[in-house]
Amino acid sequence: MKMSKLFVQTLREFPSDAEVVSHKMLVRAGFIRKLTSGVYNYLPLMWRVLKKVENITREEMDKAGAQELLMPFVQPKELWEESGRWEVYGRELMRLRDRHDREMCLGPTHEEIITYIAREGLKSYKQLPVNLYQIQSKFRDEVRPRFGLLRGREFIMKDAYSFSTSQEELDAEYENMAQAYRNIFNRCGLPTKMVQSDSGAIGGNVSHEFMVITDTDAGENDVFYCECDYSANSNHAISKLPQATVDGAECGLTEKKVIDTPNTKTIEELANFLNVPQSVICKCLVYIADKKPVLAYIRGDKQVEETKLMNALGAIDIRIASSEEIEELMANNGFSAKAGFISAIGMKDIKIIADETVKDMKNFVVGVNENDKHMVAANLDDIQVKEFADIRLVEAGELCPECGKPLKVTRGIEVGNIFQLGTKYSEPMNAVYLDKDGKAKPYIMGCYGIGISRTAAAAVEAHHDENGIKWPVAIAPYHVIVVPVSTKDETQMKVAEDIYNKLLEQGIEVVLDDRNERPGVKFKDAELIGFPFRITVGKTIENGNVELVTRATLEKEEMAPETAVTEVIARINAQLK
RNA sequence: CGGGAUGUGGCGCAGCUUGGUAGCGCACCUCGCUUGGGACGAGGGGGUCGCACGUUCGAAUCGUGUCAUCCCGACCA
């Protein structure tokens with residue numbers, strides 16, 4: 001490819017609407033352009049990268065025994081009603097109507113469709129297990145698209161679905177996919193961590209996410225990990241507390257009584273007023289779970305992890321109550337307490353749940369539904385809790401549930417995940433096969449996703465410097481750029497063209513920068529776009545040499561043109577292994 | 001959805017307070033010159049100032065409404 005004909009427009013400045021580095025770089029280097037919020041045009045350079053990520057994914061999936069197919073982007077409402085998700089999925093599902101007023105949606109994922117395909121085509125245990133996948137655009141009408149390709153509304157995803165006859169078979173396929181994923185991300189030049197995670201709205205039991213570890217805002221997940229193998233998304237992480245048992249008696253709270261605590265709306269204010277640590281306060285939060293209020297107790301120095309709470313309640317939607325909702329709830333129970341003074345004491349017909357660590361609290365401080373008052377030296381019997389669950393957000397420094405060492409935290413970009421779905425879809429959708437004994441049984445399913453476009457963006461997050469992108473060879477749009485410093489210099493042009501042609505003959509993806517630009521422009525563009533190797537033909541040609549520049553390190557090496565050709569081919573092939 | 005901000009050629013911005021019919025840098029086209037780190041000179045093309053309504057002799061500028069986009073919080077590949 002001649003640079004003069006390559007469809008690319010690099011920008012002198014970063015776009016003003018981009019926040020994270022992958023977004024800035026990809027726009028500035030001419031890979032993508034926004035069409036509308038969360039929706040991007042993939043320009044030729046980007047498309048080459050995406051096709052490479054796709055192909056690596058495809059090769060590894062095929063090698064793992066999965067079969068590729070392609071399902072429609074448009075899906076009928078009826079199947080979504082069968083699974084129950086037409087109601088549940090909410091506004092993230094892009095809904096539309098056809099000319100006959102039939103309701104449809106744009107696929108955010110394809111469990112319904114694949115389950116339909118399976119029940120039509122997989123009637124016998126003899127056909128199982130099977131794993132089907134596709135690579136396709138998905139549409140999710142995100143509340144807040146952001147970070148360019150990292151959180152778009154339309155994005156490219158590889159989604160795979162497995163159908164098994166037993167849990168053992170599913171376990172085997174799950175591990176098979178986990179290994180395929182490690183291969184895929186390694187080949188893409190992306191180090192990932194496989195972490196335990198919540199299975200969320202898609203449902204199921206066991207699930208893991210593949211995270212690209214980063215220390216920037218682009219990592220939207222908190223990952224807790226230990227020096228042993230344990231690691232988990234914050235929505236799923238568990239821990240042991242260094243000091244699980246707290247007793248208010250140790251700081252003077254020995255006699256149970258209700259006392260005045262004026263203007264102590266926050267835990268901090270209350271702890272300061274009483275001169276006790278926050279851990280001896282039992283705080284009570286009001287949540288709205290599926291439109292109904294719920295009271296959640298947790299130790300004062302800890303936070304509620306809402307996904308855990310949601311799962312503990314079996315709810316599909318949860319949020320903290322507004323002050324108006326709290327006021328209404330209190331009024332219905334004959335109280336006027338505001339947030340900060342609430343408790344379950346005297347509340348009627350309301351779900352009450354407490355974090356497990358509350359069990360280990362003694363002689364604690366708690367609200368009594370009366371403003372400016374708290375009970376001190378209270379105990380479990382006083383707060384009417386019957387149900388306990390782990391609803392606590394883990395913090396760094398708490399102890400690993402497996403080995404007891406302190407947990408660390410970092411941020412991660414989720415590029416892939418694997419789920420054990422079980423019969424979550426096959427059962428309601430009546431998707432069954434006939435077993436050996438002739439009995440109809442629902443498939444035991446798994447699903448496995450990779451964000452293709454997100455993976456490409458995550459690669460930029462992981463590999464860049466202030467000059468631009470440093471693409472790993474395996475997913476770079478081109479491997480090499482050959483830069484004659486002056487296109488007017490016949491010797492330089494001849495050598496450059498010769499190198500270019502030799503590389504082309506060897507199947508190397510190479511660009512010749514034949515533009516009549518000054519060298520600075522060409523070097524800046526080469527580094528911004530991120531060609532893994534650059535061969536500069538310039539002044540050193542007087543000594544019969546060219547320069548081989550490695551993008552990752554910007555290291556320059558002078559060598560003869562023929563050497564540069566064989567050397568660059570060798571290095572590319574070494575990295576493509 | 002709540003909170004904050006912004007909409008002016010492809011990109012980055014000024015002009016708006018104090019209304020008078022649009023400007024700068026980059027990019028693009030032509031010519032010259034230049035060629036080891038985003039040169040220079042001359043000439044040129046491109047914008048109903050997000051949209052609608054209103055105020056006014058006159059609106060990018062003032063008012064109302066609306067749409068879009070971005071940033072901060074709860075969801076997900």
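Residue numbers begin at 1 in each chain, while the letters A, B, ... track the order of the sequences.
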If each of A/His23 and A/Lys522 is mapped to the nucleotide of RNA chain B with the nearest heavy atom, which maps nearer the 5' terminus, i.e. the 5' end? A/Lys522

Please tell me which of the listed nucleotides, B/C72, B/U69, B/U35, lies nearest to the side chain of A/Arg144? B/C72

Between A/Phe523 and B/G36, do the rings stack, that is, sit under 5.5 Å apart with planes less than 30° off each other? no

Nearest to the side chain of A/Arg518 - B/A77, B/U35, B/C72? B/U35

Counting N and O atoms only, with roles assigned by atom type, does the side chain of A/Tyr40 sit under 3.5 Å from a partner on the main chain of A/Glu154, one being a donor and the other an acceptor? no

Less than 4.0 angstrom between a side-chain N/O of A/Ser16 and OP1 or OP2 of B/C13, yes or no? yes

Scan A/Glu19 against the nucleic acid and name what it touches under 4.0 Å (heavy atoms): base, sugar-phosphate only, or nothing. sugar-phosphate

May I ask you to check whether A/Trp47 and A/Phe7 place their ring centres under 6.0 Å from each other? no

Candidates B/A77, B/C71, B/A74 - which lies nearest the side chain of A/Val143: B/A74

Rounded interatomic separation in angstrom, taking CG from A/Asn221 and P from B/C76: 11 Å

A/Ser486 side chain N/O closer than 4.0 Å to the phosphate oxygens (OP1, OP2) of B/U34? no

Using the side-chain heavy atoms of A/Met157, tell me which of these nucleotides is nearest: B/G12, B/C1, B/A77. B/A77

Steps toward salt bridge (charged side-chain N to carboxylate O under 4.0 Å, His left out) verdict (A/Glu54, A/Lys51): CA-CA 5 Å; A/Glu54 281 187 18; A/Lys51 279 194 295 189; over 6 Å; no

5'-most contact on RNA chain B (nearest-nucleotide basis), A/Val485 vs A/Glu306, goes to A/Val485

When you get a sec, tell me which of B/G37, B/C11, B/A77 is the closest nucleotide to the side chain of A/Arg33? B/C11

Rounded to whole Å, the CD1-P distance (A/Ile418 to B/C76) equals 18 Å

Provide, to the nearest angstrom, the distance between the CG atom belonging to A/Leu43 and the C1' atom belonging to B/G10. 12 Å

Output side-chain donor-acceptor pairs under 3.5 Å for residues 67-75 of chain A, partner residues at least two apart or in another chain, one line each.
unit_1, atom_1, unit_2, atom_2, d
A/Glu68, OE1, A/Arg58, NE, 2.7
A/Glu68, OE2, A/Arg58, NE, 3.3
A/Glu68, OE2, A/Arg58, NH2, 3.1
A/Gln75, OE1, A/Trp80, NE1, 2.7
A/Gln75, NE2, A/Thr109, O, 3.4
A/Gln75, NE2, A/His110, NE2, 3.0

Hey, does A/Gln9 reach any base, or is it just sugar-phosphate, or nothing, if we go heavy atoms under 4.0 Å? sugar-phosphate

Flag yes if more than 12 heavy atoms outside A/Gln179 fall under 6.0 Å of its CD atom; otherwise flag no. yes

In whole angstrom, give the distance that lies between atom CD of A/Glu461 and atom C1' of B/A77. 15 Å

Does the B/C76 base have a donor-acceptor partner in the side chain of A/Arg151 within less than 3.5 Å? yes

A/Lys34 side-chain N/O to B/C70 phosphate OP1/OP2 under 4.0 Å: yes

What contact category does A/Arg454 fall into here, base, sugar-phosphate, or nothing, at under 4.0 angstrom with non-hydrogen atoms? base

Look at all strands and tell whether A/Leu528 reaches a base, only sugar-phosphate, or nothing, counting heavy atoms closer than 4.0 Å. base

Result block: side-chain N/O donor-acceptor pairs under 3.5 angstrom for residues 217-225 of chain A, not counting sequence neighbours:
unit_1, atom_1, unit_2, atom_2, d
A/Asp217, OD1, A/Arg411, NH2, 2.9
A/Glu220, OE2, A/Arg151, NE, 3.0
A/Glu220, OE2, A/Arg151, NH2, 3.2
A/Asn221, OD1, A/Asn233, ND2, 3.4
A/Asn221, ND2, A/Gly412, O, 3.3

Would you mind reading off the distance between A/Glu13 atom CD and B/A14 atom P, rounded to a whole angstrom? 12 Å

Is the distance from OP1 or OP2 of B/C70 to the nearest side-chain N or O of A/Ser37 less than 4.0 Å? yes

Do the side chain of A/Lys488 and the base of B/U34 come within less than 3.5 angstrom through a donor-acceptor pair of N or O atoms? yes

Mind checking A/Gly152 for me? I need base, sugar-phosphate or nothing, with any heavy atom below 4.0 Å counting as a touch. base

At less than 3.5 Å, do the side-chain atoms of A/Arg146 and the base atoms of B/G73 form a donor-acceptor pair? no

